[in-house]
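One structure is given here, and the rest of the page talks about it.
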2 protein chains.
Amino acid sequence: MTTRWLTPEEQRAWRAYIASVALVEDALDRQLQQEAGMPHLYYSILASLSEAPERRLRMTDLAERLKITRSRLTYAVTRLEKDGLVRREDCRWDKRGSIATLTDEGMRVLERAAPGHVETVRALLFDRLTPEQVGQLEEIFTAVGEGFQGDSAHATPEDVPWRRRSPKSCS
Amino acid sequence: MTTRWLTPEEQRAWRAYIASVALVEDALDRQLQQEAGMPHLYYSILASLSEAPERRLRMTDLAERLKITRSRLTYAVTRLEKDGLVRREDCRWDKRGSIATLTDEGMRVLERAAPGHVETVRALLFDRLTPEQVGQLEEIFTAVGEGFQGDSAHATPEDVPWRRRSPKSCS
DNA sequence: CGGTCTTGGTTCAACTTTGAAACAAACCTA
DNA sequence: TAGGTTTGTTTCAAAGTTGAACCAAGACCG
């Protein structure tokens, strides 16, 4: 089929999207780097752990929640562990497993950083949207996210290196 | 003021947004890496140049359009130049200036990669949205983008390292 | 059991990004 | 026009990311 180029409307939407997303992520990274000494992803790792039962999560589960590669997570957790914000423990049920646990110190850092982070998210995003737009935002990205369920929906329609595993959380 | 935490709706929207944006960017990067041997940003650089008059743009202008730091752009252009897709020229009007020009080879690479890229953008985003949602998407991110006009709207409300310069395009 | 395949994590090298510092050329301004 | 400031760009080291390769340890199967 001959390429279905973007319509003018789609093009405008795409450009606005690309530009703003980059700006928002950068601003978030800078804000957290300043106030908590870590990039947004690292903050998200702490946040995810804080919400998990016992503040613990297996590496693979954590990687999946955050939609990042295991390799990237390994690197990040190693750093957070050095900073004393996260601790690695062995999984007793599965000796291959490694469990990341949020330390008390990590929890404190997270709690200290949270207000500023939320404030920034508001300033960048929600304060600029109407309540209806917030709803639309959710619907749009929920729909987009669903495109990644099960299949890859991109590049090579085959070879997907990340498959969801069974939910044996081992906690 | 005590922190205005996110409401449940906002929280859902935020999470859907964060997750999907990451997935989309990753998918885009992989697709372009496979088909064109370069990440999305590099493709965008070529695309921006291709639309500029004479396919030339000053580094700073280019950086601004793409919302990236000059340093990041320098690195990227150096790579693209090595690959022969972009050429650097001196600006005659302002000897400090450096102008990036898309080479014919760069144009060819861009044209070869474009169909696949657009197809991916569709598969990931537009094919999953209704026409109304496309409109909403544009409005939402246009609004968000406007938050970055002139002020910094984030982290340190002062020190903004990027100011818009006068539009002497020097072409 | 013994062999094989899969899964959970880490490692490593190549690449990219970041932010501060360094430069050099324009621009004032007294 | 000398001296100081701003602007355009690059450089450099530290930090982060990527993807392939590797190493166990579970799971399966005959």
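Note on naming: letters A, B, ... go to the chains in the order of the sequence lines (proteins, then strands), and numbering restarts at 1 for each one. On a predicted model such as this, the values are computed, not experimentally measured, just so you know.
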*Val144(A) backbone acceptor or donor facing Ser20(B) side chain under 3.5 Å*: no
_Counting distance alone, no hydrogens or angles: does the base of dG8(D) have a donor or acceptor under 3.5 Å from a partner atom on the side chain of Ser98(B)?_
no
*By nearest nucleotide on DNA chain D, pick out whichever of Ser71(A) and Gly37(A) is the more 5' one.*
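Result of the comparison: Gly37(A).
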_Upstream residue (5' side of DNA chain D) when Lys95(A) and Pro39(A) are each assigned their closest nucleotide_ = Pro39(A)
Could you give the [atom1]-to-[atom2] distance, from [X] to [N], as a whole number of Å?
X        : N       : atom1 : atom2 : answer
Glu89(B) : dT9(D)  : CD    : C1'   : 16 Å
Arg58(A) : dT7(C)  : CZ    : C1'   : 9 Å
Asp90(A) : dA24(D) : CG    : C1'   : 13 Å
Tyr75(A) : dT18(D) : OH    : C1'   : 13 Å
Leu32(A) : dT18(C) : CG    : C1'   : 15 Å
Met59(B) : dT10(D) : CE    : C1'   : 9 Å
Asp26(B) : dT16(C) : CG    : P     : 15 Å
Leu28(B) : dT18(D) : CG    : P     : 14 Å

*DNA chain C: 5'-proximal contact among Gly97(A) and Gln33(A) (nearest heavy atom)*: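 On the 5' side of the pair lies Gly97(A).
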*Just say parallel, tilted or perpendicular for the rings of Trp14(B) and Phe126(A), cut-offs at 30° and 60°.*
perpendicular
*Evaluate the ring planes of Phe141(A) and Tyr17(A), with Trp represented by its six-membered ring, and classify them as parallel (under 30°), tilted (30 to 60°) or perpendicular (over 60°).*
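If you compare the ring of Phe141(A) with that of Tyr17(A), the planes turn out parallel.
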Look at [X] and [N] and indicate whether a side-chain polar atom (N or O) is within less than 4.0 Å of OP1 or OP2.
X        : N       : answer
Arg88(A) : dT10(C) : yes
Arg70(A) : dT10(C) : no
Thr60(B) : dT9(D)  : yes

*Ion pair present between Asp26(B) and Lys67(A), side-chain N to carboxylate O less than 4.0 angstrom?*
no
*Any chance the side chains of Arg30(A) and Gln34(A) put a donor and an acceptor closer than 3.5 Å?*
no
_Nearest listed nucleotide, side chain of Leu41(A), among dT17(D), dT18(D), dG26(D)_ =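 Side chain of Leu41(A) sits closest to dT17(D).
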*Residue Arg96(A), side-chain atoms from C-beta onward, closest of dT18(C), dT7(C), dT11(C)*: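 That would be dT7(C).
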